[in-house]
Amino acid sequence: MEASTPQADGAGAPGTDSVRARIEWLRAEISRHDRLYYVEARPVIGDADYDALYRELLALEAANPQFDSPASPTKRVGGAPLEGFAQVRHDPPMQSLDKTHAKSGLVEFDAFLRRELPAGASWTYVVEPKIDGVSMSLLYEDRVLVRAATRGNGTVGDDVTANVRTVRNVPLSLPPSAPPRVEVRGEIYMPRDGFAALNAKEEESGGEPFANPRNAAAGSLKLFDPREAASRPLAFVAYNAGGAGCEGFATHAAMMAAFAEWGFPVAPWSKLCGDIDAVLAAIDALEARRHSFPFEIDGAVVKVNENAMHAALGATAKAPRWARAYKYAPERAETVVQAITVQVGRTGVLTPVAELKPVELAGSVIARATLHNADEIARRDIRIGDHVWIVKAGDVIPAVESPIPERRDGTERAFAMPRRCPECGGEVVRREGEVAQRCTNPACPAQRLRRIEHFASRNALDIRALGGKIAEAIVSAGMVSDPLDLFTLDRARLAALDVSDGKGSGRVFGKNADSLVQAVEAARSLPLHRWLFAVGIPNVGESTAKTIAAEHDRLSSLPGSPVLRQVLENDAKKGKERKILPIKPESARSVLEFFDSAYGREFLRRMAELGIDPAPEGRGAADGPLAGKRFVLTGSLSRPRPEYAALIEKAGGTVQSAVSGATDYLVAGENTGRTKTDKARSLGTEVIDEARLLEMLGPAAGVPPTAGPDAPAAAKPPAAPRQQEFAF
Ligand code: IVH
């Protein structure tokens, strides 16, 4: 580490001043490394050294809450769930851009400027990528990020500061060269690779995948739980000034250079152009590399570079008159629908899929595209044998855009959803109010197979030995029809299982049977949230399962769960209390319905019979001072909540996100409303203050008794993820 490191560890106890200096140095140093890593993509220290700095800062901050600061890099991990978003008024409003789809529109823009600007005026242009994300305003006061807001309707947007803080390349504080108060605007986006990974995870968990990276970014910013937002791979790019702090720049290019100098990520490509011909050439150059950026771009933005001209030109009600967006035509390719097949999902939903003549589009070969459901096919009149246009929705997921009726020769056939399940011949029904058609046969082998595959998937019970064609072989041999059958597999029969995949190689499962049985046995002790996810209840993805599991002791406490019922009741009231748990009401309903169903009851009965009783993760020391006690934290506390949560769990307690009949203590920080404490008391929950909590935790919980750099890192929130996936 650097020689200039201020050390707080002199002889005897360190003075408050030196502790403060050390904290400030650590914050600056960590921010510098974050910037080198996430913005400039040239890290200069390794992960271990970085983690050491980070842990030291955490420990010092925990022991010295008087030096708390929202600009600390440790504050990126995400705070407590929000109840809703505050509204923010934009001044000036966040406008849109006038668009053109043709180069002639840009030539007209140039002619318009000639008419509007005084004779003899000369100006230049900047051409930038038009990033397809969510526009964002970042406000810094005293050079500290104090507010991040979405565009909303342009005049009023949502305050999403808690979520944006978790975006790794957003600076939490600015260097002294920046103005003390400044508003920087730009785009939040989800990088391509992060989007692909997130969707893979969503799909695996039975959730709805996002249609494109923009929806994924918008959805992530709207999460009420910043901890969940922190797990979403978002990134920022700056491209415009807000109301404050940027008045002094002569040109847009100079302002962008200053943004970069202040630590903001800016677009990795932009072109300064002397005239409109150079602009048109720059647009072609940009289009040629449109797929090389970490973000999706849907066109170019052409801006007059000279800020004096911006003032002279002004704006319409909707858009500035000094800029134009040039939108690229979406990339399309023509191909043929050779067949429409039907896939059967885990819950029996039948999904028609277009089997296409393979064709290249935006850098990959496309051979299949989902057609969603029969209504959609009829509405768009897509027929088997049709020539169709395919596009990549948000440049990622291939979709059939439309048929090309003029290419029909009369041999095309309309699609009809089979009346019987293509996999098992079972009855197909359409439930009232649903577009989906489902196979109703719970014994359908396709559904069984999908359920078992899900049960064994990586984020569920992680039974890797079931990969490849093994699950299929076991199901078709009739050895397993329900996931729990995996726990009663006969090792000898398993070893003799033919896994030759019908090719007559005569291969048997052999010794692999042992690893499978071991992996299955290991799954018994996996935590509750993994089991809840593994069951495969509709609307219960991985993170919902975690949230629900944190509120329940056992799988058997889920039937009729009061907390889940409360979620439904609050949703029905649409009142202020809506966010008792950061989950969707449909998720609560699905869980209640599942455990009320014959299958759900049988599932629990068999779990009990098999002696499987998963417990929530992190149920700490069973003999700790807080063993078995349930806490809810509310109001402002002198230390971050994740830190208290870790301390409580270490002492054997659990932390819940809302008070229910099962809560033992409500820890009421400052500014806790009377309604909350009264409600808790009425449910039989004891209301305590922070001092009492510390007393209960006792020294055994590792609360550092004195301030100092050597204080143990008592509570370490999850280490900051440092993947490079969204650095430029
Ligand atoms: S400048 C008054 N520059 O496009 C708005 N906007 O369709 C000035 N956008 O709302 C914005 N990339 O969210 C600007 N390089 C870029 C941009 C960009 C994307 C977005 C922005 C705006 C929308 C208009």
Salt bridge check: are [X] and [Y] linked by an N-O gap of less than 4.0 Å?
| X | Y | result |
| --- | --- | --- |
| R430 | D375 | yes |
| D485 | R606 | yes |
| R450 | E453 | yes |
| R451 | D482 | no |
| D159 | R147 | no |

Flag the pair [X] / [Y] as yes when at least one side-chain heavy-atom distance between them is below 4.5 Å, and no otherwise.
| X | Y | answer |
| --- | --- | --- |
| T150 | M94 | no |
| I537 | L532 | yes |
| H90 | S137 | yes |
| R448 | P483 | no |
| L693 | I688 | yes |
| M190 | P233 | yes |
| P616 | H552 | no |
| T370 | Q343 | no |

Where do [X] and [Y] come nearest, in terms of heavy atoms and distance?
| X | Y | value |
| --- | --- | --- |
| A216 | S220 | O-OG, 2.6 Å |
| E61 | T74 | OE1-OG1, 2.6 Å |
| V349 | R438 | CG2-NH1, 3.5 Å |
| L610 | R524 | O-NH1, 2.8 Å |
| L697 | P625 | O-CG, 3.9 Å |
| V591 | L558 | CG1-CD2, 4.1 Å |

So, taking the atom named [atom1] in [X] and the one named [atom2] in [Y], what distance separates them when rounded to the nearest 0.5 Å?
| X | Y | atom1 | atom2 | value |
| --- | --- | --- | --- | --- |
| M607 | L484 | CE | CG | 6.5 Å |
| L234 | T166 | CG | OG1 | 6.5 Å |
| Y644 | F631 | OH | CZ | 11.5 Å |
| D462 | L526 | CG | CG | 7.5 Å |
| R605 | E609 | CZ | CD | 4.5 Å |
| T155 | Q87 | OG1 | CD | 11.5 Å |

Quick check: does any side chain N or O of [X] sit under 3.5 Å from a backbone N or O of [Y], one acting as donor and the other as acceptor?
| X | Y | value |
| --- | --- | --- |
| N373 | A436 | no |
| T440 | V428 | no |
| R681 | V687 | no |
| S636 | G669 | no |
| S590 | P538 | yes |
| W531 | A523 | yes |
| E228 | L223 | no |
| R165 | R76 | no |
| H454 | F533 | yes |
| Q447 | C439 | yes |

Do N459 and E542 pair up side chain to side chain, a donor and an acceptor below 3.5 Å, judged on atom types alone?
yes
Short side-chain donor-acceptor distance under 3.5 Å, S135 and R151
no
Counterpart residues, side chain to side chain contact (heavy atoms under 4.5 Å, CB included), relative to A446 (two or more places apart):
V344, E423, C444
Begin with the C-alpha distance, continue with both residues' side-chain angles, and end with the deciding distance and a verdict on side-chain contact (heavy atoms from CB on, under 4.5 Å) for T544 and K584.
CA-CA 8 Å; T544 303; K584 297 193 197 114; over 6 Å; no
Test side-chain contact (heavy atoms from CB on, under 4.5 Å) applied to D132 and N212, step by step
CA-CA 10 Å; D132 196 10; N212 54 53; over 6 Å; no
What is the ring orientation for F85 with F224, classed by angle as parallel under 30°, tilted 30 to 60°, or perpendicular over 60°?
parallel
What verdict does the side-chain contact (heavy atoms from CB on, under 4.5 Å) test give for R692 and E695, after you've listed the backbone C-alpha separation in whole Å, the side-chain angles of each residue and the deciding distance to 0.1 Å?
CA-CA 5 Å; R692 172 87 185 104; E695 227 174 272; 3.4 Å; yes
Before you tell me yes or no, could you show the steps for D553 and R630 under side-chain contact (heavy atoms from CB on, under 4.5 Å), namely the whole-Å CA-CA distance, both residues' side-chain angles and the distance that decides it to 0.1 Å?
CA-CA 10 Å; D553 274 339; R630 301 181 191 87; 2.5 Å; yes
Can you tell me if CZ on R565 sees more than 12 non-hydrogen neighbours from other groups inside 6.0 Å?
no
